[in-house]
Amino acid sequence: MPVDFSGTWNLVSNDNFEGYMVALGIDFATRKIAKMLKPQKVIKQDGDSFHVHTTSSFRDYLLEFKVGEEFEEDNKGLDNRKCKSLVTWENDKLVCVQTGEKKNRGWTHWLEGDDLHLELRCENQVCRQVFKRA
Ligand code: ECB
């Protein structure tokens, strides 16, 4: 039985989101708005099938995937760069590698106590987000 990430989660901290956005080439005006946001994540997990909806007052992003199956990701409304993404389990962590124009791009989700953690990586930047159950 894998870990269950299902639930509605609210962002409570967002370390170095600025550096991550700069690495993705997000323009100044968009970054200014984006870093004020407190996004919510709704995760629906059925075993290895995931539906991850990140919502905010500015933009939404929906990602659906199955662990172990590579897919095309369009990052629409984020940096809009296409990449090939693959999510795998590393013990109880969900690890995504996003292969494309940007080096070292990907993310990792895990649960720690009652918190949901997300590490977002791009080039030499790491953004650390923590979410609490809504
Ligand atoms: C969708 C809410 C954030 C909107 C920010 C708007 C503009 C900034 C543009 C690019 C910044 C890059 C990423 C934004 C950070 C979070 C959005 C989802 C990150 C992500 O890929 O989460 C994964 C893992 O939960 C599922 O897609």
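Just so you know, ligand 1 is whichever comes first in the structure, and atom 1 is the first atom listed for that ligand. FYI, the numbering just counts along the sequence from 1.
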Would you call Asp74-Lys76 a salt bridge at under 4.0 Å N-O? no
For Thr30 and Asp27, test the side chains for any donor-to-acceptor distance below 3.5 angstrom and give the result as yes or no. yes
Closest protein heavy atom (residue, atom, distance) for atom 17 (C) of ligand 1: Leu78 CD2, 4.1 Å
Among the clusters formed by ILVMFWY side chains lying less than 4.5 Å apart, do Val67 and Leu116 turn up in the same one? yes
Could you list the atoms of ligand 1 found under 4.0 angstrom from a heavy atom of Leu24? 12 (C)
Could you tell me which atoms of ligand 1, counted from 1 in the order shown, lie closer than 4.0 angstrom to a heavy atom of Val52? 25 (O), 26 (C)
Please state which option from Val22, Leu37, Asn80 has its nearest heavy atom closest to atom 3 (C) of ligand 1. Leu37
Does a side chain donor of either Arg128 or Ser13 reach within less than 3.5 Å of an acceptor in the other side chain? no
Shortest non-hydrogen contact from Phe17 to Lys35? CD2-CA, 4.1 Å
Relative to the ring of His51, is the ring of His53 parallel (under 30°), tilted (30 to 60°) or perpendicular (over 60°)? perpendicular
protein heavy-atom neighbour closest to atom 5 (C) of ligand 1 works out as Ala34 CB, 3.9 Å
Should we say atom CG of Asn80 is surrounded by more than 12 heavy atoms from elsewhere, each under 6.0 Å from it? yes
Got the closest protein heavy atom to atom 16 (C) of ligand 1, with its distance? Leu120 CD1, 4.5 Å
As a check for students: among Trp107, Phe5, Phe17, identify the option with a heavy atom nearest to atom 21 (O) of ligand 1. Trp107
Atom 13 (C) of ligand 1 sits nearest the protein heavy atom Tyr20 CE2, 3.8 Å
Where on Ile33 is there a heavy atom closer than 4.0 Å to ligand 1, on the side chain, on the backbone, on both, or on neither? neither
Test log, rule salt bridge (charged side-chain N to carboxylate O under 4.0 Å, His left out), inputs Glu73 and Lys84: CA-CA 6 Å; Glu73 187 173 3; Lys84 290 234 194 275; over 6 Å; no
As an exercise, identify every atom of ligand 1 less than 4.0 angstrom from a heavy atom of Leu63. 26 (C), 27 (O)
For the residue pair Trp89 and Asp48, confirm or rule out a side-chain donor-acceptor distance under 3.5 Å. yes
To the nearest 0.1 Å, how far is atom 22 (O) of ligand 1 from its closest protein heavy atom, and which atom is that? Lys41 NZ, 3.2 Å
For ligand 1 and Gln129, I'd like to know whether there is a polar contact (N/O to N/O, distance under 3.5 Å). no
By the definition side chain to side chain contact (heavy atoms under 4.5 Å, CB included), identify the one residue from Lys41, Arg133, Gln40, Lys132 that meets it with Asn10. Gln40
Atoms of ligand 1, numbered as shown, that sit under 4.0 Å from any heavy atom of Ile26: 9 (C), 10 (C)
If you measure from each non-hydrogen atom of His109 to ligand 1, which part falls under 4.0 Å: side chain, backbone, both or neither? side chain
Nearest protein heavy atom with distance in Å, relative to atom 1 (C) of ligand 1: Arg59 O, 3.4 Å
Can you tell me which residue and heavy atom of the protein come closest to atom 11 (C) of ligand 1, and the distance to 0.1 Å? Met21 CG, 3.8 Å
